[in-house]
Colleague: 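Sharing a structure with you now.
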There are 2 protein chains.
Amino acid sequence: MSNKYESLKLENQLCFPLYAAAKEIVRKYKPFLDEIDLTYTQYITLLVLWEKKEMNVKALGECIYLDSGTMTPLLKKLESKGYIERKRMPNDERNVLISITAQGEELRDKAVDIPNKIGSCVKLEPSEAMELYRLLYKVLGNIES
Amino acid sequence: MSNKYESLKLENQLCFPLYAAAKEIVRKYKPFLDEIDLTYTQYITLLVLWEKKEMNVKALGECIYLDSGTMTPLLKKLESKGYIERKRMPNDERNVLISITAQGEELRDKAVDIPNKIGSCVKLEPSEAMELYRLLYKVLGNIES
DNA sequence: CACAAACAAATTGTATACAATCTAATCGTA
DNA sequence: TACGATTAGATTGTATACAATTTGTTTGTG
């Protein structure tokens, strides 16, 4: 009973489980992130800043695949919470340098258990998790070009 | 140089490429969906209705992992475009039955090429696409419970 | 040096998402 | 059969996302 609309079946679309799984897993983070008063996007922004300490808005946005329209209000929010600082760079006033504050650093200790808590609810074999990881980055790489 | 924050590195988080890949691939749909004046969420809603013809709001939302807060305005939009009808069911007035219209059916022919166009920019081997599909549904299944 | 092109952020407008709450209808059971 | 519990959908409020445009700065080139 295949027909010309076969390709339009939800079950034949790779994009759909990708979209749904991403949404559901981000939702799984919510109770843990609520405890430290962060949203998921704020959390991944801090993941980068915890490692790199400072970065301009554009570079930060490229790391996490978000544009200035999303980053600007997000960063203002994190600034208002005291976790980051934003300042125009004197040598090139077009750039805004984002840097982690001492208060932002403190939050890192409270976040350190979150990945394990999430990992335990995804419940993939290590080899499967690695393969999923590899395939997702392959998709990401292919899409960019 | 591993430390107690190792788990917080962006590159060690399975969730991040999932989140980013989903976002990027949905964005890839945009030019094709623009041509038929649909958003991605409207598109997956119609994918279900093209197959099932009619369904109440709750069942439809469960199919695509969206709650009534998202579905209600979405369905009103599709109704205003003439692609679906919404009507309270007489036997149980709590339910709103969504059904595809003739105009909605017509749109199906215009959408039929979209999956191939997207597939060609994801560029996975068929075996890889199948494995990714399997792993994503495994994650989805594990998260639900 | 002038000035158009390029660039980084910010702004604007639209469309999700989803938690929490509310309303109306129906169910279950004492 | 009354009525509390449950259910479906709608509403409210907050936070993304992103295209398109705007603003201000810097760069490159004639």
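Throughout, protein chains are lettered first and strands after them, A, B, ... in sequence-line order, and every chain is numbered starting at 1.
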Colleague: Check the angle between the aromatic planes of A/Y19 and B/Y40 and answer parallel, tilted or perpendicular using the 30° and 60° thresholds.
Modeller: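 The rings of A/Y19 and B/Y40 stand perpendicular, inter-plane angle above 60°.
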Colleague: Using a cut-off of strictly less than 4.0 Å, decide whether B/K77 has a side-chain nitrogen or oxygen near OP1 or OP2 of C/dA15.
Modeller: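 For C/dA15, OP1/OP2 do have a side-chain N/O of B/K77 under 4.0 Å.
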Colleague: Among D/dT26, C/dA19, D/dA10, which nucleotide sits nearest the side chain of A/E93?
Modeller: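 Of the options given, the side chain of A/E93 lies nearest D/dT26.
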Colleague: Need one value for A/S68: base, sugar-phosphate or nothing, where a base atom within 4.0 Å counts as base even if backbone is also close, heavy atoms only.
Modeller: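 Base contact - A/S68 has a heavy atom under 4.0 Å of at least one base atom.
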Colleague: Look at the side chain of B/R27 and decide which nucleotide, out of D/dT16, D/dG9, D/dA19, has an atom nearest to it.
Modeller: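 Selected nucleotide: D/dA19.
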Colleague: Charged N to carboxylate O below 4.0 Å: is that the case for A/K138 and B/E125?
Modeller: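 No, A/K138 and B/E125 are not salt-bridged.
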Colleague: Across the strands shown, which category fits A/T39 at heavy-atom distances under 4.0 angstrom: base, sugar-phosphate, nothing?
Modeller: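 Answer is sugar-phosphate: A/T39 comes under 4.0 Å of backbone atoms only.
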Colleague: Could you state the atom-to-atom distance from CE of A/M71 to P of D/dA15 in whole Å?
Modeller: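 In whole Å, D/dA15 P lies 16 Å from A/M71 CE.
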Colleague: So, OP1 or OP2 of C/dA8: does either fall under 4.0 Å of a side-chain N or O from A/R86?
Modeller: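 For C/dA8, OP1/OP2 do not have a side-chain N/O of A/R86 under 4.0 Å.
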Colleague: After noting the C-alpha distance and the side-chain angles of B/L14 and A/I25, does the key distance pass the side-chain contact (heavy atoms from CB on, under 4.5 Å) rule?
Modeller: CA-CA 10 Å; B/L14 187 54; A/I25 203 168; 6.0 Å; no
Colleague: Considering just the side-chain nitrogens and oxygens of B/K23, establish if one lies under 4.0 Å of OP1 or OP2 belonging to D/dA17.
Modeller: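 It does not, given that no N or O in the side chain of B/K23 lies less than 4.0 Å from OP1 or OP2 of D/dA17.
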Colleague: Ignoring backbone atoms, test whether B/N95 places a side-chain nitrogen or oxygen under 4.0 Å from the OP1 or OP2 oxygen of D/dT7.
Modeller: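 No, because none of the side-chain N or O atoms of B/N95 sits under 4.0 Å from OP1 or OP2 of D/dT7.
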Colleague: Rounded to whole angstroms, how far apart are NZ on A/K76 and C1' on C/dT11?
Modeller: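 So the NZ-C1' distance, A/K76 to C/dT11, works out to 8 Å.
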Colleague: Under 3.5 Å, side-chain donor or acceptor atoms of residues 87-99 of chain A against the rest of the protein: list the pairs with distances, not counting sequence neighbours.
Modeller:
residue: A/R88; atom: NH1; partner: A/E93; partner atom: O; Å: 3.0
residue: A/R88; atom: NH1; partner: A/R94; partner atom: O; Å: 3.2
residue: A/D92; atom: OD1; partner: A/R94; partner atom: N; Å: 3.0
residue: A/D92; atom: OD1; partner: A/R94; partner atom: NE; Å: 3.1
residue: A/D92; atom: OD2; partner: A/R94; partner atom: NH2; Å: 2.9
residue: A/D92; atom: OD2; partner: A/N95; partner atom: ND2; Å: 3.4
residue: A/N95; atom: OD1; partner: A/N56; partner atom: ND2; Å: 2.6

Colleague: Roughly, in whole Å, what's the span from CG in A/N56 to C1' in C/dA9?
Modeller: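 Roughly 10 Å, once rounded to whole Å.
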Colleague: Could you check whether A/T41 gets within reach of a base, just the sugar-phosphate, or nothing at all, counting any heavy atom under 4.0 Å?
Modeller: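 Contact class for A/T41: sugar-phosphate only.
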Colleague: Which part of the nucleic acid, if any, lies within contact of A/D67, taking any heavy atom under 4.0 Å across all strands shown: a base, the sugar-phosphate backbone alone, or nothing?
Modeller: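 Since a base atom lies under 4.0 Å of A/D67, the category is base.
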Colleague: If you check every side-chain atom of B/L66, which of D/dC18, C/dT26, C/dA17 has the closest atom?
Modeller: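 Of the candidates, C/dA17 comes closest.
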Colleague: C/dA20, OP1 or OP2 - any side-chain N/O from A/K30 closer than 4.0 Å?
Modeller: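 Indeed not, no polar side-chain atom of A/K30 lies that close.
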Colleague: Choose from D/dT16, C/dA17, C/dA25 the nucleotide whose nearest atom is closest to any side-chain atom of B/R94.
Modeller: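 Nucleotide nearest to B/R94's side chain: C/dA25.
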Colleague: CG of B/L97 versus P of D/dA10: gap in Å, rounded?
Modeller: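 In whole Å, D/dA10 P and B/L97 CG are 12 Å from each other.
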Colleague: Please give me the minimum heavy-atom distance between A/I100 and A/E105, naming the atom from each residue.
Modeller: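 Residues A/I100 and A/E105, closest heavy atoms: CG2-OE2, 3.5 Å.
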Colleague: Think A/R88 has a side-chain N or O under 4.0 angstrom from the OP1 or OP2 of D/dT26?
Modeller: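 No, A/R88 has no side-chain N/O under 4.0 Å of OP1/OP2 on D/dT26.
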Colleague: B/L33 has an atom CG; how far is it from atom P of D/dA19, in whole Å?
Modeller: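 After rounding, the gap between these two atoms is 13 Å.
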Colleague: Starting at atom OH of A/Y19, determine the distance to atom P of D/dC18, rounded to an integer number of angstrom.
Modeller: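 Roughly 13 Å, once rounded to whole Å.
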Colleague: In terms of the nearest nucleotide of DNA chain D, which residue is placed more toward the 5' end: A/Y40 or B/K58?
Modeller: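 Nearest-nucleotide comparison on DNA chain D picks B/K58.
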Colleague: Whole angstroms only, please: what is the CG-P distance between B/L75 and D/dA10?
Modeller: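 To the nearest whole Å, that distance equals 8 Å.
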Colleague: Side chain of A/T72, heavy atoms from C-beta onward: which of C/dA9, D/dT7, D/dA10 has the nearest atom to it?
Modeller: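 Taking heavy atoms from C-beta onward, the closest nucleotide is C/dA9.
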Colleague: Can you classify the ring geometry of B/W50 versus B/Y43 as parallel (below 30°), tilted (30 to 60°) or perpendicular (above 60°)?
Modeller: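 If you compare the ring of B/W50 with that of B/Y43, the planes turn out perpendicular.
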Colleague: Specify the separation, in whole Å, of atom CD of A/Q42 and atom C1' of D/dA17.
Modeller: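 Atom CD in A/Q42 sits about 14 Å away from atom C1' in D/dA17.
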